[in-house]
S.K.: 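Pasting a structure here, questions to come.
Predicted model only: the values in this text are computed from it and were never measured.
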Amino acid sequence: MRKIAANYIFPVTATPLKNGIIVLDEKNYIVDIIDTKGQFKEIQNLEFYSGVIIPGFIDVFTLLSISSFSRNDFKKCLQDDFGSALKKSLLKKETTPTAVQRGINQLEAYGTVAVADYFTVNDHAEQKRKSKLYFSDSNATESNCSLQIPISNKQLNPTQSILLNQMILEKLNGFIPAASEMSRYCIGTGSLGTHLKLSVFEELKALQEILPALTFWELIKWGTINGAKHLQIENKFGSLKIGKKPGLNLLTNLDYSNQKFNTASELKVLV
């Protein structure tokens, strides 16, 4: 058994636990979550970390094998019918199978545990199988991306998830999250042509600067449980619950007084 504690444990689907403790079995499944009521407890073999422990991230939009897809390509797809525009663009792009492993390595290093990957040629299944990541694969030649973009003055489908990242919000100047849609906002990165780092955490930090009214507690939900629900894997990932194996990320250098990320905030993968 491994016992891990921190200043805060954030289950995501419940309120943060001050000085909480997570107990893992030998396969890293959660077997207990202890609410100490804020009182630090000395327990044998306890690992204590300064910071906030959250579940692994969910990236709902990657293009691991199409690094030829650039930031400009992505921005051109930001229109009413994002799925159709994306499909047309991807079909014109060369595949870059040599970039797949680098993308996988980055996702794992930056605390992602589950990924939705879009491709036009499925020639990298073995690399995915050998990775630590859970993959939800989508062949872009057969169907459109089901994510929607919050285009100005467009009525959103209330049953579909909403993709957000720094590139989208840079184009949607003045975007304000709707309270009624907070549970549907999800974080997606893209390709190694759109991003230097395929990191949900870096996206959250960037969104914090654009949306300063939000707390990091709210943004963390966008990068974890919301994405898990979109991929229909919330029974395995996206929150800290007994019986799950969601991964554990430690967030440090946070602005606790204002509950914000800042440029100095850092990520460490614990499990």
S.K.: Same hydrophobic cluster for Leu198 and Leu204, using side-chain heavy-atom links shorter than 4.5 Å among ILVMFWY?
M.R.: no
S.K.: Could you state whether Ile187 and Ile210 fall into the same hydrophobic cluster, counting links through intermediate Ile, Leu, Val, Met, Phe, Trp or Tyr residues with side-chain heavy atoms under 4.5 angstrom apart?
M.R.: yes
S.K.: For Lys171, look at atom NZ and say whether over 12 heavy atoms of other residues, nucleotides or ligands are found less than 6.0 Å away.
M.R.: yes
S.K.: Determine yes or no for a side-chain-to-main-chain donor-acceptor pair under 3.5 angstrom, with Thr95 supplying the side chain and Pro97 the backbone.
M.R.: no
S.K.: Is the backbone of Asn157 close enough, under 3.5 Å, to the side chain of Gln148 for a donor and an acceptor to pair up by distance?
M.R.: yes
S.K.: Taking atom CG as the centre, does Leu91 end up with more than 12 heavy-atom neighbours from other residues, nucleotides or ligands that are less than 6.0 angstrom away?
M.R.: yes
S.K.: Between Gln127 and Leu64, is any pair of side-chain heavy atoms under 4.5 Å apart?
M.R.: no
S.K.: How about Ile242 and Asp32: do any of their side-chain heavy atoms sit closer than 4.5 Å?
M.R.: yes
S.K.: What distance separates Asp255 CG from Thr215 OG1, expressed to the nearest 0.5 Å?
M.R.: 11.5 Å
S.K.: To the nearest 0.5 Å, how far apart are NZ in Lys245 and CG in Asp25?
M.R.: 8.5 Å
S.K.: Would a single hydrophobic cluster contain both Ile225 and Ile30, if residues Ile, Leu, Val, Met, Phe, Trp and Tyr are joined by side-chain heavy-atom contacts under 4.5 Å?
M.R.: no
S.K.: Does any part of the side chain of Leu46, heavy atoms only, come nearer than 4.5 Å to the side chain of Phe40, both counted from C-beta?
M.R.: yes
S.K.: Apply the side-chain contact (heavy atoms from CB on, under 4.5 Å) test between Leu250 and each candidate in Leu267, Ile53, Ile4; give the one that qualifies.
M.R.: Ile53
S.K.: Would you call Asp73 and Lys92 a salt bridge, taking side-chain N to carboxylate O under 4.0 Å as the test?
M.R.: no
S.K.: Can you check side chain to side chain contact (heavy atoms under 4.5 Å, CB included) on Leu17 and Tyr8, steps first, answer last?
M.R.: CA-CA 5 Å; Leu17 304 177; Tyr8 289 95; over 6 Å; no
S.K.: Is a side-chain donor or acceptor of Thr96 paired with a backbone partner of Ser67 at a separation under 3.5 angstrom?
M.R.: yes
S.K.: Has the side chain of Ser89 got a donor or acceptor atom that lies under 3.5 Å from a matching backbone atom of Leu86?
M.R.: no
S.K.: Flag the pair Arg129 and Glu126 as a salt bridge only when some basic side-chain nitrogen lies within less than 4.0 angstrom of an acidic carboxylate oxygen.
M.R.: yes
S.K.: If you look at every heavy atom in Thr159 and Arg184, which pair is closest and at what distance?
M.R.: N-NH1, 4.2 Å
S.K.: Begin with the C-alpha distance, continue with both residues' side-chain angles, and end with the deciding distance and a verdict on side chain to side chain contact (heavy atoms under 4.5 Å, CB included) for Phe74 and Asn165.
M.R.: CA-CA 11 Å; Phe74 182 81; Asn165 59 32; 3.8 Å; yes
S.K.: Provide the full list of salt bridge (charged side-chain N to carboxylate O under 4.0 Å, His left out) pairs with a residue in residues 198-210, sequence neighbours left out, each pair given once.
M.R.: Glu202-Lys205
S.K.: Can you classify the ring geometry of Phe201 versus Phe57 as parallel (below 30°), tilted (30 to 60°) or perpendicular (above 60°)?
M.R.: parallel
S.K.: Restricting to non-hydrogen atoms, name the atom on Thr189 and the atom on His195 that form the minimum distance, rounded to 0.1 Å.
M.R.: O-CE1, 3.0 Å
S.K.: Apply side chain to side chain contact (heavy atoms under 4.5 Å, CB included) to Asp117 and His124, showing your working.
M.R.: CA-CA 11 Å; Asp117 187 50; His124 48 279; 3.5 Å; yes
S.K.: Might you confirm whether atom CD of Glu94 has over 12 heavy atoms from other residues, nucleotides or ligands at distances under 6.0 Å?
M.R.: no
S.K.: Mind checking the CD1-CG spacing from Ile149 to Leu172? Nearest 0.5 Å is all I need.
M.R.: 8.0 Å
S.K.: More than 12 heavy atoms of other residues, nucleotides or ligands under 6.0 Å from OH of Tyr29: yes or no?
M.R.: no
S.K.: A side-chain contact here means heavy atoms from C-beta on lying under 4.5 Å apart; do Thr252 and Ser50 qualify?
M.R.: no
S.K.: Does the pair Lys37/Asp35 count as a salt bridge with the N-to-O cut at 4.0 Å?
M.R.: yes
S.K.: Which atom pair, heavy atoms only, marks the closest approach of Val60 to Cys186?
M.R.: CG2-CB, 3.7 Å
S.K.: Do side-chain atoms of Asn122 reach the backbone of Asn139 as a donor and acceptor pair under 3.5 angstrom?
M.R.: no
S.K.: Ignoring hydrogens and angles, tell me if any N or O in the side chain of Gln160 forms a donor-acceptor pair with the backbone of Ser146 under 3.5 Å.
M.R.: yes
S.K.: Take Asn72 and Ser70, measure what side chain to side chain donor-acceptor pair (under 3.5 Å) needs, and give me the verdict at the end.
M.R.: CA-CA 5 Å; Asn72 285 335; Ser70 68; 5.1 Å; no
S.K.: Nearest 0.5 Å please: distance from the CG atom of Leu211 over to the OH atom of Tyr185.
M.R.: 9.0 Å
S.K.: To the nearest 0.5 Å, what is the distance between NZ (Lys132) and CD1 (Ile104)?
M.R.: 12.5 Å
S.K.: Could you tell me whether the side chain of Leu207 reaches within less than 4.5 Å of the side chain of Phe261, counting heavy atoms only?
M.R.: no
S.K.: Do you see a donor-acceptor pair shorter than 3.5 Å between the side chains of Ser239 and Lys244?
M.R.: yes
S.K.: Is the Phe61 ring parallel, tilted or perpendicular to the Tyr118 ring (thresholds 30°, 60°)?
M.R.: tilted
S.K.: Could you check whether any side-chain N or O of Thr112 sits under 3.5 Å from a backbone N or O of Ile58, counting only pairs where one atom can act as donor and the other as acceptor?
M.R.: no
S.K.: Quick check: closest heavy atoms across Met182 and Pro177, and the distance to 0.1 Å?
M.R.: SD-CB, 3.9 Å
S.K.: Keeping Asn262 on the side-chain end and Asn253 on the backbone end, is there a donor-acceptor pair under 3.5 Å?
M.R.: yes
S.K.: Let me see the working for Trp222 and Ile162 under side chain to side chain contact (heavy atoms under 4.5 Å, CB included), right down to the final yes or no.
M.R.: CA-CA 10 Å; Trp222 294 7; Ile162 303 166; over 6 Å; no
S.K.: Leu164 and Pro150: which non-hydrogen atoms are nearest, and at how many Å?
M.R.: CD2-CG, 3.8 Å
S.K.: How far does CD of Gln208 sit from CG of Leu254, to the nearest 0.5 angstrom?
M.R.: 9.5 Å
S.K.: If we only count heavy atoms from C-beta on, is the Phe82 to Ile168 side-chain gap below 4.5 Å?
M.R.: no
S.K.: With the 4.5 Å side-chain cut-off for hydrophobic clustering, are Val115 and Val269 part of the same group?
M.R.: no
S.K.: With no hydrogens and no angle check, is any side-chain donor or acceptor of Lys260 less than 3.5 Å from a backbone partner on Leu214?
M.R.: yes
S.K.: When you group the ILVMFWY residues by side-chain heavy-atom contacts below 4.5 Å and let the links chain together, are Phe69 and Leu192 in the same group?
M.R.: no
S.K.: Can you confirm whether more than 12 heavy atoms, excluding those of Lys236, are under 6.0 Å from its NZ atom?
M.R.: no
S.K.: Identify the two heavy atoms, one from Thr120 and one from Leu90, that lie closest to each other, and give their separation to 0.1 Å.
M.R.: CG2-O, 3.9 Å
S.K.: Would you indicate whether Lys87, at its atom NZ, is surrounded by more than 12 heavy atoms from other residues, nucleotides or ligands within a distance under 6.0 Å?
M.R.: yes
S.K.: Under 4.5 Å between any side-chain heavy atoms of Asp137 and Lys128, yes or no?
M.R.: yes
